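In this text, all values refer to a predicted model and were calculated from it rather than measured experimentally.
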Amino acid sequence: MWERTLQDLIRGLRANKNDEVKFISQANEEIRREIKSKDMELKAGAVMKLTYLDMLGYDMSWASFYVIEVMSSSKIHLKTVGYLAAVQSFNEDTDVLMLTTNLLKKDLSSSPADASVTLNGVSHIVTTDLARDLSPELIAMLNHSRPHIRKRAILTLYKVCEKYPDALRQSMSRIQERLDDPDPGVVSATINVVCELARRNSQDYLPLAPQLFHLLTTSSNNWMLIKIVKVFGSLSPHEPRLVKKLQPPITDLISTTSAISLLYECVHTCIIGNMLQGPSGLSLARSCVSKLAAFLQDADQNLKYIALLAMVKIVPTHPELVAEHQDTILASVDDDDISIRMRALDLVTALVTRDNLQSIVQQVLSHLVQPDSSSMPSAVQSLSQHIVPSVPSKPPSAPSQSSAYRLVLSQRIMTMCSSSTYDNITDFEWYLSVLVDLAYVSNVDVGAQIRDQLVDVAGRVRAARAYSVKLMVKILSDTTLLLNAGQPGSCSEVLWAAAWICGEYCDELLAPEELLPYLLHPGVASLDPEIIAVYIQAASKIFGYWATEAAQQWTHDLLEKVKSAVETMIEQMEEFVSSPHIEVQERAANILQLFTFVKHDIASHRAGAENGYTDTASFAFDPVAEPTYPKSLYLIHPLFSSYELGPVAPTAQESVPIPDGLDLDAWIVPSMQEPLDNDDDEVAGRKVKKSKKGKEKEPSNRTKAKGGKKKRKEDSPPTELIPDEPDETAEERAERERLKAERLERMRDDPYYITDDRSQKPAVDDVDSIPVVRLDELPPAPLKEEPRLFALRASASRSGPHRFVVEKEGEMPEGVVSTSPRQESAPVSRQQTPSLFERILTPPPTLPSFHQYEVPEEDHTRASTPEPIKVTRVKKKGPSSAKKKRAVNPDS
């Protein structure tokens with residue numbers, strides 16, 4: 001009967017492309033009939049067709065037993081078909097594999113043709129059980145008389161050792177013998193196996209080093225040399241003596257070989273094998289770098305890629321050699337291949353030093369500029385006259401860039417500049433302008449990183465604060481950046497940094513009052529709540545500083561300006577008070593109350609003489625002359641200028657000792673759902689009173705249940721509902737009411753209690769007992785060397801380079817000494833800032849515009865400090881009341 005062959009099946013598939021599923025279902029029916037035939041030729045043909053269909057994705061696992069039947073055929077051409085089908089379809093979960101053990105052992109010991117086919121099949125279908133059972137036969141075949149059998153056996157042994165590691169220990173001596181095999185194919189196969197095995201546990205293969213070294217110096221097979229060099233790259237870190245031994249032959253191979261693959265493996269082995277260390281490795285390192293630089297100029301993209309990868313590994317040991325080819329490396333950043341650009345960025349980042357930082361950053365930054373951008377942002381244009389241009393006028397035509405690549409570029413620029421706490425930066429004004437450029441041209445979400453860098457530089461580098469404030473004023477005055485805030489890639493977080501820096505270092509502002517309208521712009525309400533909160537705080541700081549400056553050189557013309565500024569602040573704060581964000585709402589409410597007070601004070605201010613004094617005739621009535629400016633101008637600035645913020649040391653929080661008695665694991669507010677323990681000393685939430693003799697009073701009849709037992713705590717009424725005790729005196733009742741009022745007052749501000757707002761404090765019956773406290777006037781303003789209210793401070797032209805001092809250590813808690821080794825050698829870059837307590841204890845300087853008044857003679861008996869008020873409490877008369885009264889007031 002005529003049957004369909006494999007060729008017929010392939011032709012039928014091509015002829016039935018429109019109805020392939022139907023054709024294959026018909027073919028499967030034919031194959032199922034053929035594979036059950038007793039004719040081995042017909043069965044092998046059916047298995048061949050199933051193997052082809054399995055390659056197309058159709059399952060043939062149902063025919064596994066028939067495949068084994070074909071594998072057991074005595075005819076080599078049929079056996080080959082069976083092993084081919086097994087390789088294609090068998091896996092570790094195939095159940096019939098356990099039936100093949102004896103078959104495989106028989107075929108391995110059969111004719112060379114059968115053994116060759118079997119070795120190839122075993123290497124693909126081997127499992128843990130088969131590897132354990134077949135390893136003796138495979139180890140014995142390493143000494144086979146046929147070279148091609150020995151070669152197949154050593155390669156199959158590698159697959160067996162992966163499944164059954166004990167076979168490696170049993171076959172190590174045979175593997176070592178095969179390194180001296182007379183057949184080059186067997187030696188090459190053995191080197192391949194050793195190379196793969198040495199990647200996992202290279203130390204076990206150090207005894208093979210003499211034979212491998214002999215092959216390295218005598219063999220001319222480039223592929224085998226590549227494997228030998230790889231093996232030595234794994235062995236060298238475990239045996240330092242190999243490094244000195246391998247340097248001459250490796251150097252000779254690098255300088256003489258024309259094979260690119262062998263050359264790269266030699267260079268890679270020198271890097272990972274620590275062969276470039278020391279004076280003897282300098283010449284070898286120079287040869288490696290020169291060869292890799294030649295790869296960078298090759299047209300083959302693969303060579304460029306591997307050269308960049310290798311150079312990144314050479315930079316840590318020999319950066320000066322790689323830096324000689326900086327121009328070639330930077331040219332790779334412009335490559336069309338994104339993978340090459342990324343590897344070039346890795347290399348450029350590793351090449352950065354103090355000398356080449358600016359040129360590298362400018363080159364990388366130029367790739368962020370879109371070619372179609374006609375002009376630069378206003379902030380950069382206005383500052384480009386006196387800083388190093390960070391963006392070239394004609395940016396090169398760069399390939400299309402994805403957002404991910406632009407993000408990497410922006411992050412690499414900041415990483416290069418901020419590494420080791422800005423060790424490579426010599427001009428921080430340049431770096432600040434680079435950060436501003438990034439905010440405008442990056443078009444990716446790096447605003448948070450730029451914000452942190454701006455604030456960190458302004459806090460650490462005092463010499464750059466004036467310039468940073470100038471840049472931040474430009475950012476705050478750019479309405480385009482404000483309107484685009486919130487859009488993807490707008491970097492609106494830079495506005496946070498700009499407002500914070502201008503507010504914190506407002507003494508560097510040339511005209512503080514001119515910045516307030518930008519901080520109070522109506523468009524600020526559309527910003528992120530965190531940015532709005534900083535805007536509110538910055539506006540308050542700047543107003544406080546400006547008001548203090550205005551008070552020192554007060555004129556009548558300033559009154560209207562101050563009133564207008566206060567009205568603007570109040571109007572804007574009233575809008576922010578209704579904000580749904582709690583942080584914005586809280587800050588706006590606090591500042592609104594302050595400015596409301598300032599507004600009333602300015603409205604009630606009466607203008608005096610411009611010379612700083614009131615009418616001299618009033619001196620007879622008032623010993624202290626009122627200043628001509630409103631005193632409330634000094635109200636806001638001290639709130640924010642008590643302590644200057646600076647960088648904090650990384651270990652500052654760890655160095656703060658935990659106070660005695662503080663349990664950080666304890667709950668701040670105990671859970672109200674926990675059951676209250678029965679306590680004999682407390683009934684119904686009220687402590688049991690003690691008598692004067694120290695004995696506890698018996699609980700009243702209200703707290704007892706039937707049978708003389710106490711009621712449960714939850715059944716007892718709260719303290720507030722318990723009526724007065726029948727034996728309670730008037731003094732004890734008043735004391736209890738006072739304690740109750742104090743407790744309710746504390747609970748009023750406690751967020752964990754809900755109290756009745758209608759409850760009022762207890763009225764004070766004795767008005768005369770309220771002590772009279774004299775409120776001191778506001779302290780006079782400190783002296784200023786040069787008033788500069790309206791005069792714009794001109795930026796000082798630099799006669800020489802600035803000496804920027806970076807405060808790397810940061811501040812530590814008081815009484816804690818930093819253990820950093822650099823602290824002793826660090827130069828003193830600023831004066832010691834007095835603490836808040838020193839400022840409080842130090843009397844403020846006296847304004848020269850006020851007269852000094854002397855105390856009249858008739859008041860010389862009055863003490864400069866009023867005597868403390870002595871409070872006595874009337875106690876119930878008793879045998880011990882007199883003693884207690886004398887203890888409270890000894891003078892009585």
Side-chain angles (χ1 to χ4, degrees), residues 191-192 195-196 198-199 202 216 219 221-237 243 246-247 249-277 281-352 360 363-364 367 399 404-405 408-409 412:
I191 293 295
N192 278 291
C195 181
E196 295 299 323
R199 293 171 56 187
S202 55
L216 177 66
S219 177
N221 186 346
N222 287 335
W223 293 110
M224 189 169 66
L225 288 176
I226 290 174
K227 298 295 183 180
I228 295 174
V229 171
K230 281 187 175 182
V231 174
F232 278 121
S234 302
L235 300 180
S236 297
V243 174
L246 289 171
Q247 281 181 348
I250 294 292
T251 305
D252 184 65
L253 282 175
I254 291 176
S255 58
T256 58
T257 185
S258 59
I260 300 298
S261 56
L262 177 58
L263 176 60
Y264 176 75
E265 289 300 334
C266 291
V267 173
H268 187 259
T269 299
C270 293
I271 297 171
I272 65 175
N274 299 325
M275 299 181 187
L276 305 181
Q277 306 291 340
L282 181 60
S283 60
L284 182 58
R286 189 176 298 276
S287 300
C288 293
V289 173
S290 62
K291 294 293 184 180
L292 294 175
F295 288 175
L296 291 178
Q297 299 176 356
D298 197 280
D300 190 353
Q301 298 290 82
N302 295 325
L303 293 182
K304 289 183 180 180
Y305 185 85
I306 62 176
L308 292 171
L309 282 179
M311 280 189 170
V312 170
K313 300 177 182 179
I314 297 179
V315 167
T317 56
H318 298 83
E320 67 283 352
L321 297 179
V322 181
E324 295 177 359
H325 308 279
Q326 176 178 330
D327 296 336
T328 306
I329 296 170
L330 286 175
S332 300
V333 183
D334 300 329
D335 199 280
D336 295 335
D337 191 346
I338 181 63
S339 59
I340 293 179
R341 294 206 302 265
M342 296 300 295
R343 299 291 77 79
L345 281 177
D346 294 338
L347 183 55
V348 165
T349 305
L351 273 179
V352 167
I360 289 177
Q363 179 74 13
V364 176
H367 291 78
Y405 179 67
V408 171
L409 284 178
R412 290 299 174 86

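Between L262 and L253, the closest heavy-atom pair is CD2-CD2, 4.3 Å. The two residues A198 and S234 come nearest to each other via the heavy atoms O-CB, 4.1 Å. In plain terms, the two heavy atoms of S261 and I226 that are nearest each other are OG-CD1, 3.4 Å. Closest non-hydrogen pair, K304 versus D298, comes out as CE-O, 3.0 Å. Across all their heavy atoms, V312 and R343 have their closest contact at CG2-O, 4.4 Å. Between A323 and L351 the shortest heavy-atom distance is N-CD2, 3.9 Å.
Side-chain atoms of D335 and Q301, non-hydrogen and from C-beta on, do get closer than 4.5 Å to each other. F295 places a side-chain heavy atom less than 4.5 Å from the side chain of L263. When side chains are defined from C-beta on, Q297 does not count as touching H325, because their heavy atoms never get closer than 4.5 Å. Residues N192 and K230 form no side-chain contact, since every pair of their non-hydrogen atoms from C-beta on lies 4.5 Å or further apart. Proximity of L282 to L321: side-chain heavy atoms (C-beta onward) are separated by under 4.5 Å at one or more points. I191 places none of its side-chain heavy atoms less than 4.5 Å from the side chain of W223. Considering only heavy atoms from C-beta on, I271 stays 4.5 Å or farther from T317 through its side chain. Considering only heavy atoms from C-beta on, I329 comes within 4.5 Å of V322 through its side chain.
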Evaluation steps, side chain to side chain contact (heavy atoms under 4.5 Å, CB included), between V348 and Q363: CA-CA 10 Å; V348 165; Q363 179 74 13; over 6 Å; no
CA sep, side-chain torsions, deciding dist, call: S219, N221, side chain to side chain donor-acceptor pair (under 3.5 Å): CA-CA 6 Å; S219 177; N221 186 346; 5.6 Å; no
Test side chain to side chain contact (heavy atoms under 4.5 Å, CB included) applied to V408 and M342, step by step: CA-CA 9 Å; V408 171; M342 296 300 295; 3.6 Å; yes
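For the pair D346 and R412, the salt-bridge criterion is met [side-chain N within less than 4.0 Å of a carboxylate O].
Of the inter-residue distances, the one linking L345 atom CG with I340 atom CD1 reads 12.5 Å to the nearest 0.5 angstrom.
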